[in-house]
Amino acid sequence: MEELYSQNAKIVYHFLYKNCHDHELAEELTQETFLQAYESIERYDGSCKISVWLCQIAKHLLYRCWQKQKHEIPKELEMLNSAPQKQLSETCDTTWQQTITHLELIDVLKDMQSLPLHIREVMYLRITGALSFKEIGEILGRSENWARINFYRGKEKLLKGRMNYE
(Lines give C-alpha, C1' and ligand atoms only; values in the text may rest on other atoms or scores of the structure.)
Protein backbone atom coordinates (compact mmCIF):
# COMPACT_ATOMS: atom_id res chain seq x y z
CA MET A 1 0.00 0.00 0.00
CA GLU A 2 2.93 2.31 0.71
CA GLU A 3 4.16 1.88 -2.88
CA LEU A 4 0.66 2.53 -4.22
CA TYR A 5 0.56 5.76 -2.21
CA SER A 6 4.00 6.97 -3.28
CA GLN A 7 3.21 6.34 -6.96
CA ASN A 8 -0.27 7.91 -7.00
CA ALA A 9 -0.68 10.42 -4.17
CA LYS A 10 0.47 13.35 -6.29
CA ILE A 11 -2.02 12.55 -9.07
CA VAL A 12 -4.91 12.20 -6.62
CA TYR A 13 -3.96 15.38 -4.75
CA HIS A 14 -3.71 17.44 -7.96
CA PHE A 15 -7.03 16.05 -9.18
CA LEU A 16 -8.72 17.05 -5.93
CA TYR A 17 -7.03 20.44 -5.65
CA LYS A 18 -7.95 21.30 -9.22
CA ASN A 19 -11.60 20.75 -8.36
CA CYS A 20 -11.81 22.24 -4.86
CA HIS A 21 -8.99 24.86 -4.86
CA ASP A 22 -8.37 24.16 -1.16
CA HIS A 23 -4.98 22.70 -0.16
CA GLU A 24 -6.14 21.42 3.22
CA LEU A 25 -9.27 19.77 1.83
CA ALA A 26 -7.31 18.23 -1.04
CA GLU A 27 -4.73 16.82 1.40
CA GLU A 28 -7.41 15.47 3.74
CA LEU A 29 -9.37 13.86 0.90
CA THR A 30 -6.19 12.40 -0.59
CA GLN A 31 -5.56 10.60 2.71
CA GLU A 32 -9.20 9.48 2.86
CA THR A 33 -8.97 8.23 -0.73
CA PHE A 34 -6.13 5.89 0.13
CA LEU A 35 -7.87 4.72 3.28
CA GLN A 36 -10.97 3.86 1.25
CA ALA A 37 -8.83 2.21 -1.41
CA TYR A 38 -7.13 0.08 1.24
CA GLU A 39 -10.48 -0.97 2.67
CA SER A 40 -11.94 -1.85 -0.73
CA ILE A 41 -8.92 -3.03 -2.74
CA GLU A 42 -10.71 -6.32 -3.46
CA ARG A 43 -13.20 -4.36 -5.59
CA TYR A 44 -10.48 -3.12 -7.92
CA ASP A 45 -11.00 -5.27 -11.01
CA GLY A 46 -8.06 -4.09 -13.12
CA SER A 47 -10.28 -2.74 -15.91
CA CYS A 48 -8.52 0.64 -15.64
CA LYS A 49 -5.26 1.96 -14.28
CA ILE A 50 -5.07 2.11 -10.51
CA SER A 51 -4.61 5.90 -10.67
CA VAL A 52 -7.93 6.18 -12.52
CA TRP A 53 -9.65 4.05 -9.89
CA LEU A 54 -8.16 6.20 -7.11
CA CYS A 55 -9.30 9.43 -8.78
CA GLN A 56 -12.81 8.01 -9.05
CA ILE A 57 -12.79 7.32 -5.32
CA ALA A 58 -11.45 10.85 -4.70
CA LYS A 59 -14.19 12.37 -6.88
CA HIS A 60 -16.90 10.60 -4.89
CA LEU A 61 -15.35 11.69 -1.58
CA LEU A 62 -15.25 15.29 -2.80
CA TYR A 63 -18.93 15.09 -3.83
CA ARG A 64 -19.86 13.73 -0.41
CA CYS A 65 -17.90 16.50 1.28
CA TRP A 66 -19.63 19.14 -0.84
CA GLN A 67 -23.04 17.63 -0.14
CA LYS A 68 -22.37 17.74 3.60
CA GLN A 69 -21.31 21.37 3.32
CA LYS A 70 -24.26 22.15 1.02
CA HIS A 71 -21.65 23.26 -1.52
CA GLU A 72 -22.98 23.60 -5.05
CA ILE A 73 -21.42 21.00 -7.34
CA PRO A 74 -20.54 22.59 -10.69
CA LYS A 75 -22.80 21.32 -13.49
CA GLU A 76 -19.77 20.28 -15.53
CA LEU A 77 -18.71 17.94 -12.72
CA GLU A 78 -22.20 16.55 -12.14
CA MET A 79 -22.32 15.38 -15.73
CA LEU A 80 -19.16 13.29 -15.27
CA ASN A 81 -20.97 10.37 -13.67
CA SER A 82 -23.56 9.93 -16.40
CA ALA A 83 -21.49 10.34 -19.59
CA PRO A 84 -20.81 7.27 -21.76
CA GLN A 85 -17.24 6.09 -22.28
CA LYS A 86 -15.78 5.12 -25.69
CA GLN A 87 -12.57 3.23 -26.27
CA LEU A 88 -10.51 4.72 -29.13
CA SER A 89 -6.91 4.22 -30.16
CA GLU A 90 -4.45 6.06 -27.95
CA THR A 91 -1.76 8.45 -29.18
CA CYS A 92 0.52 10.77 -27.29
CA ASP A 93 0.72 14.49 -27.71
CA THR A 94 4.29 14.66 -26.50
CA THR A 95 5.27 17.59 -28.70
CA TRP A 96 2.95 19.86 -26.69
CA GLN A 97 4.45 18.75 -23.39
CA GLN A 98 8.02 18.91 -24.67
CA THR A 99 7.71 22.54 -25.78
CA ILE A 100 6.62 23.80 -22.37
CA THR A 101 9.45 24.74 -20.06
CA HIS A 102 8.90 25.13 -16.34
CA LEU A 103 8.36 28.90 -16.52
CA GLU A 104 6.07 28.60 -19.52
CA LEU A 105 4.08 25.95 -17.67
CA ILE A 106 3.35 28.40 -14.87
CA ASP A 107 2.14 30.98 -17.41
CA VAL A 108 0.00 28.37 -19.16
CA LEU A 109 -1.56 27.27 -15.87
CA LYS A 110 -2.41 30.90 -15.09
CA ASP A 111 -3.90 31.37 -18.56
CA MET A 112 -5.89 28.14 -18.18
CA GLN A 113 -7.94 29.73 -15.40
CA SER A 114 -9.88 31.63 -18.06
CA LEU A 115 -10.92 28.43 -19.87
CA PRO A 116 -14.23 26.64 -19.25
CA LEU A 117 -14.02 24.15 -16.38
CA HIS A 118 -14.30 20.98 -18.49
CA ILE A 119 -11.48 22.08 -20.81
CA ARG A 120 -9.35 23.22 -17.86
CA GLU A 121 -9.79 19.81 -16.19
CA VAL A 122 -8.65 17.93 -19.28
CA MET A 123 -5.66 20.19 -19.81
CA TYR A 124 -4.65 20.07 -16.15
CA LEU A 125 -4.75 16.26 -16.02
CA ARG A 126 -2.84 16.00 -19.30
CA ILE A 127 -0.14 18.54 -18.51
CA THR A 128 0.46 18.13 -14.79
CA GLY A 129 -0.76 14.58 -14.28
CA ALA A 130 0.85 13.31 -17.50
CA LEU A 131 -2.19 11.11 -18.00
CA SER A 132 -3.24 9.60 -21.31
CA PHE A 133 -6.43 10.75 -22.99
CA LYS A 134 -7.94 7.37 -22.22
CA GLU A 135 -7.18 7.80 -18.49
CA ILE A 136 -8.51 11.35 -18.52
CA GLY A 137 -11.71 10.16 -20.17
CA GLU A 138 -12.09 7.44 -17.54
CA ILE A 139 -11.47 9.83 -14.65
CA LEU A 140 -13.96 12.39 -15.97
CA GLY A 141 -16.54 9.82 -17.06
CA ARG A 142 -16.19 10.71 -20.73
CA SER A 143 -14.65 9.15 -23.81
CA GLU A 144 -11.02 9.24 -24.86
CA ASN A 145 -12.07 11.18 -27.96
CA TRP A 146 -13.90 13.79 -25.83
CA ALA A 147 -10.70 14.30 -23.81
CA ARG A 148 -8.63 14.71 -26.99
CA ILE A 149 -11.04 17.22 -28.51
CA ASN A 150 -11.25 19.33 -25.38
CA PHE A 151 -7.48 19.31 -24.94
CA TYR A 152 -7.09 20.46 -28.55
CA ARG A 153 -9.72 23.20 -28.08
CA GLY A 154 -8.04 24.44 -24.92
CA LYS A 155 -4.64 24.42 -26.57
CA GLU A 156 -6.00 26.43 -29.50
CA LYS A 157 -7.62 28.99 -27.18
CA LEU A 158 -4.40 29.39 -25.22
CA LEU A 159 -2.34 29.80 -28.38
CA LYS A 160 -4.77 32.40 -29.76
CA GLY A 161 -4.65 34.28 -26.46
CA ARG A 162 -0.84 34.33 -26.52
CA MET A 163 -0.78 35.62 -30.10
CA ASN A 164 -3.00 38.51 -29.05
CA TYR A 165 -0.39 39.54 -26.45
CA GLU A 166 2.44 39.73 -28.99
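The chain is numbered in sequence order, starting from 1. Worth saying up front: this structure is predicted, and the values here are computed from it rather than measured.
Other residues, nucleotides and ligands place more than 12 heavy atoms under 6.0 Å from the CD atom of Gln113.
With hydrogens and angles ignored, the 3.5 Å screen pairs no side-chain donor or acceptor of Arg126 with any backbone N or O of Phe151. Distance alone, capped at 3.5 Å, places no donor-acceptor pair between the Arg142 side chain and the Gly137 backbone. Counting only distance, with no hydrogens or angles, the side chain of Gln36 and the backbone of Thr33 share no donor-acceptor pair below 3.5 Å. Proximity of a side-chain donor or acceptor of Ser143 to a complementary backbone N or O of Trp146 within less than 3.5 Å is detected.
Tracing side-chain contacts under 4.5 Å through hydrophobic residues (I, L, V, M, F, W, Y), one reaches Leu54 starting from Leu25; they form part of the same cluster. Linking ILVMFWY residues whenever their side-chain heavy atoms come closer than 4.5 Å, directly or via other members, leaves Leu117 and Ile149 in distinct clusters. Grouping the Ile, Leu, Val, Met, Phe, Trp and Tyr side chains by contacts below 4.5 angstrom, directly or via other members, places Trp66 with Ile57. Hydrophobic clustering, with ILVMFWY side chains joined whenever heavy atoms are under 4.5 angstrom apart, keeps Tyr152 apart from Met112.
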Determine, step by step, whether Leu16 and Leu61 satisfy the side-chain contact (heavy atoms from CB on, under 4.5 Å) criterion, reporting the C-alpha distance in whole Å, the side-chain angles of both residues, the deciding distance to 0.1 Å, and the verdict.
CA-CA 10 Å; Leu16 287 164; Leu61 289 170; 6.0 Å; no

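Here the shortest heavy-atom pairing between Thr30 and Ala9 reads CG2-O, 4.0 Å. Taking both residues in full, the closest heavy atoms of Leu125 and Lys18 are given as CG-CE, 4.4 Å, listed atom of the first, atom of the second, then distance. Nearest approach of Gly154 to Ile119, heavy atoms of both residues: CA-CG2, 3.4 Å. The heavy-atom pair separating Asn8 from Ser51 by the smallest distance is OD1-CB, 3.3 Å. In this structure, Ile139 and Lys59 approach most closely via the heavy-atom pair O-NZ, 3.8 Å. The shortest heavy-atom contact between Val122 and Ala147 is CG1-O, 3.3 Å.
Within the hydrophobic cluster formed by Ile, Leu, Val, Met, Phe, Trp and Tyr side chains joined at under 4.5 Å, directly or through other members, Tyr13 is accompanied by Tyr17.
Expressed to the nearest 0.5 Å, how far NE2 of His14 lies from SG of Cys55 amounts to 11.0 Å. Rounding to the nearest 0.5 angstrom, the gap separating the CZ atom in Phe133 from the CZ atom in Arg148 is 5.5 Å. Put simply, CG on Leu115 and CD on Glu121 are 12.0 Å apart, with the number rounded to the nearest 0.5 Å. In this structure, the separation between CG on Leu62 and CG on Asp22 is 10.0 Å, given to the nearest 0.5 Å. Taking CD from Gln56 and CD from Glu138, the interatomic distance works out to 7.0 Å, rounded to the nearest 0.5 Å. To the nearest 0.5 angstrom, Tyr124 atom OH is 10.0 Å from Asn19 atom CG.
For residues 5-15, there are no salt bridge (Lys or Arg N to Asp or Glu O under 4.0 Å) pairs, not counting sequence neighbours.
Partners of Glu3 according to the side chain to side chain donor-acceptor pair (under 3.5 Å) rule, which considers only residues two or more places apart in sequence or in another chain, are Gln7. Legend: residues meeting side chain to side chain donor-acceptor pair (under 3.5 Å) with Gln31, ordered by chain and number and at least two apart, are Tyr5. Every residue two or more places apart in sequence or in another chain that forms a side chain to side chain contact (heavy atoms under 4.5 Å, CB included) with Leu35 is listed here: Glu32, Glu39. Here Tyr38 pairs with nothing under the ring pair (Phe, Tyr, Trp, His ring centres under 6.0 Å) rule; sequence neighbours left out.
Two residues are said to be in side-chain contact when any heavy atoms from C-beta on lie closer than 4.5 Å; Asp45 and Trp53 fail this criterion. Put simply, the side chain of Lys157 reaches to within 4.5 Å of the side chain of Pro116, judged on heavy atoms.
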